[in-house]
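Following: one structure in structure tokens, then a few remarks.
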Amino acid sequence: MLRLLVIVLFLVVLIAVALSNPDPDTVWIVSYGWKLSIGVLALGLGIGSFVVGAFVMWIGELRQRTRARRAETQLRKLESQMLDLHQQLSRYTAPVAQDGAAAHPASTSATGSA
């Protein structure tokens, strides 16, 4: 939402500059010159900068998405590994938990001697 607000404000300012400077002037870059209104020049430079910035942002976001996909894949592997270990642990502890007398031999001998 904040990005949209910044984009809209940016475009409003560019359009206001373009509309308030309609008179054509000669614009020179090195030895090449042409007649162009300053508003159209500002609008063109602003849109070009916006496109370059959006491309750079997209590249950064693409890297983040790739890292997130790798992390999700690793998380799934670790979760399945954890589930397997829990199942193995429950297999080893299940017989001991079912036999209450074998699980606590010291408690039965202490009550028997008292």
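All residue numbers in this chain count up from 1 along the given sequence.
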Name every donor-acceptor pair, under 3.5 Å, that has one atom in a side chain of residues 81-88 and the other anywhere in the protein, sequence neighbours excluded.
none

Rounded to the nearest 0.5 Å, how far apart are [atom1] of [X] and [atom2] of [Y]?
X   : Y   : atom1 : atom2 : value
L9  : L5  : CG    : CG    : 4.5 Å
L75 : K77 : CG    : NZ    : 11.5 Å
Q74 : E79 : CD    : CD    : 11.5 Å

Suppose we screen for side chain to side chain contact (heavy atoms under 4.5 Å, CB included). Which residues come up paired with T26, at least two apart in sequence or across chains? W28, K35
Is it the case that one hydrophobic cluster holds both V30 and L36, taking links as side-chain heavy atoms less than 4.5 Å apart, direct or via other members? yes
With hydrophobic residues grouped by side-chain heavy-atom distances under 4.5 Å, do L14 and I7 end up in a single group? yes
Less than 3.5 Å apart, which donor and acceptor atoms pair up between the side chains of residues 37-51 and the rest of the protein, not counting sequence neighbours?
residue, atom, partner, partner atom, Å
S37, OG, V40, N, 3.2
S49, OG, L45, O, 2.9

My understanding is that only residues two or more places apart in sequence, or in another chain, count here; which of them pass ring-ring contact (aromatic ring centres under 6.0 Å, His included) with Y32? W34
Kindly give the cluster partners of L62, where membership spreads through any ILVMFWY side chain lying under 4.5 Å from a current member. F55, W58, I59
State which residues pass salt bridge (charged side-chain N to carboxylate O under 4.0 Å, His left out) with R65; sequence neighbours excluded, sorted by chain then number. E61
